[in-house]
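One structure is given here, and the rest of the page talks about it.
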Amino acid sequence: MNYYIITGASKGIGKALAEELLKDENNHVVGVCRTSTIQHPNYRHQPLDFSDIAAVEHNLQKVFLPYKDAEKLVLVNNAGVLGDIGYVGEGMANERFEFVFDVNVIVPAMLMNTFLEVYRVLDCPKVILNISSGAGKYPIDGWAAYCASKAALDMLSMTMQKEQEVRGSNVQIFSLSPGVVDTGMQENIREADAGQFSTVQKFREYKANGDLASPDEVGEKIARFLQNTDKYNEVLLSVRDM
Ligand SMILES: NC(=O)c1ccc[n+]([C@@H]2O[C@H](COP(=O)([O-])OP(=O)(O)OC[C@H]3O[C@@H](n4cnc5c(N)ncnc54)[C@H](OP(=O)(O)O)[C@@H]3O)[C@@H](O)[C@H]2O)c1
């Protein structure tokens with residue numbers, strides 16, 4: 001059996017990826033997020049709210065069950081939030097930084113740490129895929145917390161991959177930019193006030209011109225990638241390379 005633990009599997013990219021993987025009866029998916037939207041015999045929902053760090057810590061053992069029959073183990077840190085769009089120093093509450101970093105960085109780091117620790121005893125191939133963003137590579141005004149959180153996720157991925165190489169382990173770690181995808185997150189982006197985000201019009205045009213990728217298309221590409229990770233040597237990847 002192959003086990004895929006996917007955060008944010010209730011909608012958008014995570015749901016499309018989970019549904020694509022569930023087409024193969026050898027795959028089991030554990031969806032970790034607040035809401036359950038997938039009904040399938042090989043799907044298990046683990047409810048967790050990533051903005052409640054104490055609850056996440058308390059429930060980690062429910063996410064990572066022993067899975068002694070695993071032929072492959074995969075953790076996909078996909079859940080993410082943009083947070084409030086707006087300029088720093090112009091009325092943004094300090095707590096909003098904490099919220100974005102908890103969901104986008106702290107919980108993914110806790111899950112990676114626990115995944116590596118719990119499954120160290122198992123010899124099967126292991127993969128950690130973090131869903132990052134182009135926004136972690138260049139600044140977008142109005143998105144400071146989000147851009148910084150995705151840059152942090154990229155660096156966590158690169159550092160942890162280096163550690164796994166030093167240890168000579170059978171773990172591969174990647175940080176993937178999925179491109180611009182037609183999900184609820186893009187809907188929120190398009191609704192932003194241009195005074196708080198100077199390039200909002202560009203995002204409205206992506207939708208109007210049909211330039212957004214569908215979640216299904218991206219979910220399929222990521223599923224195919226997860227079956228062929230041996231072909232990839234770089235940690236930082238873009239779905240455009242697939
Ligand atoms: N869409 C794009 O164009 C785009 C571009 C670049 C990068 N990305 C990245 O791709 C990933 C998926 O984005 P998406 O567009 O598919 O977003 P989405 O449609 O908004 O879905 C976000 C997922 O994250 C989960 N989530 C949000 N807050 C959570 C919380 N507090 N605790 C647990 N889970 C939470 C949601 O589940 P619940 O609501 O059920 O908890 C949902 O399943 C994100 O990391 C995002 O940064 C997206």
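Just the heavy atoms: all of them, side chains too, but no hydrogens, waters or symmetry mates, feed the values below. Whatever order the structure lists ligands and atoms in, that order sets their numbers, starting from 1.
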Judged by heavy atoms only, the candidate from A18, A79, S10 nearest atom 24 (O) of ligand 1 is A79
What one should report as the nearest heavy-atom pair of L156 and A109 is CD1-CB, 3.9 Å
For L48, the ligand 1 atoms whose distance to one of its heavy atoms is below 4.0 Å:
32 (N), 33 (C)
Contact atoms of ligand 1, heavy-atom distance to G80 under 4.0 Å
24 (O), 44 (C), 45 (O)
Please report the shortest heavy-atom distance between L73 and F115, naming the atom on each side.
O-CZ, 3.6 Å
When distances are taken from atom 44 (C) of ligand 1, the protein heavy atom at minimum range is N78 O, 3.1 Å
What is the nearest protein non-hydrogen atom to atom 47 (O) of ligand 1, stated with its residue, atom name and distance?
Y146 OH, 2.6 Å
Applying ring pair (Phe, Tyr, Trp, His ring centres under 6.0 Å), run through F101 and F97 and close with a yes or a no.
CA-CA 6 Å; F101 269 74; F97 291 103; 7.8 Å; no
Which protein heavy atom lies closest to atom 23 (C) of ligand 1, and at what distance to 0.1 Å?
G8 CA, 3.8 Å
For M185 and L82, work out which heavy atoms get closest and say how close.
CE-N, 4.0 Å
Ligand 1 to G184, heavy atom cutoff 4.0 Å, flagged ligand atoms 19 (O)
Mind checking whether Y43 and H45 have parallel, tilted or perpendicular rings, split at 30° and 60°?
parallel
Does ligand 1 have any atom that is closer than 4.0 Å to a heavy atom of S132?
yes
Looking at every non-hydrogen atom in both residues, tell me the closest pair between F64 and V118 and how far apart they are.
O-CG1, 4.0 Å
T199 meets the side-chain hydrogen bond (donor to acceptor under 3.5 Å, both in side chains) criterion, sequence neighbours left out, with none
Roughly how far, to the nearest 0.5 Å, is the CD atom of E205 from the CG atom of D211?
9.0 Å
Element-labelled atoms of ligand 1 that are located less than 4.0 Å from some non-hydrogen atom of I131
9 (C), 10 (O), 11 (C), 45 (O)
Residue part near ligand 1, for V81, under 4.0 Å between non-hydrogen atoms
side chain
Shortest protein contact, atom 20 (O) of ligand 1 (heavy atom only)
M185 N, 3.7 Å
Ranked by distance from atom 15 (O) of ligand 1, the top protein heavy atom is T183 OG1, 2.5 Å
For the pair Y3 and Y67, name the ring-plane relationship: parallel under 30°, tilted 30 to 60°, perpendicular over 60°.
parallel
How far is atom 32 (N) of ligand 1 from its nearest protein heavy atom, and which residue and atom is that?
F50 N, 2.9 Å
Between S133 and S177, the two heavy atoms sitting closest are C-OG, 3.4 Å
Looking at ligand 1, does G179 have a heavy atom less than 4.0 Å from it?
yes
For atom 27 (C) of ligand 1, the closest protein heavy atom turns out to be R34 NH2, 3.6 Å
If the cut-off is 4.0 Å to any non-hydrogen atom of G12, which atoms of ligand 1 fall inside it?
16 (O), 19 (O)
Do any nitrogen or oxygen atoms of V103 come within less than 3.5 Å of a nitrogen or oxygen of ligand 1?
no
Heteroatom distance test (V181, ligand 1): nitrogen or oxygen, under 3.5 angstrom:
yes
S175 and side-chain contact (heavy atoms from CB on, under 4.5 Å): which single residue from L237, N130, I131 fits?
N130
Show the atoms of ligand 1 that are less than 4.0 angstrom away from any heavy atom in T35.
38 (P), 40 (O)
Hey, what's the ring geometry for F225 with F174, parallel, tilted or perpendicular (30° and 60° as the breaks)?
perpendicular
of all protein heavy atoms, closest to atom 16 (O) of ligand 1 is I13 N, 2.9 Å
Would you check whether K15 reaches within less than 4.0 Å of ligand 1, judged by its heavy atoms?
no
Check this for me, if you would: do R167 and E163 make a salt bridge, where the nitrogen-to-carboxylate-oxygen distance has to be below 4.0 angstrom?
no
Only heavy atoms of D49, strictly under 4.0 Å: list the atoms of ligand 1 that pass.
30 (C), 31 (N), 32 (N)
Short N or O distance, V180 and ligand 1, threshold 3.5 Å exclusive:
no
So which atom in K150 and which in S132 form the shortest heavy-atom distance, rounded to 0.1 Å?
O-OG, 3.6 Å
For ligand 1, the portion of Q186 having any non-hydrogen atom under 4.0 Å away:
side chain
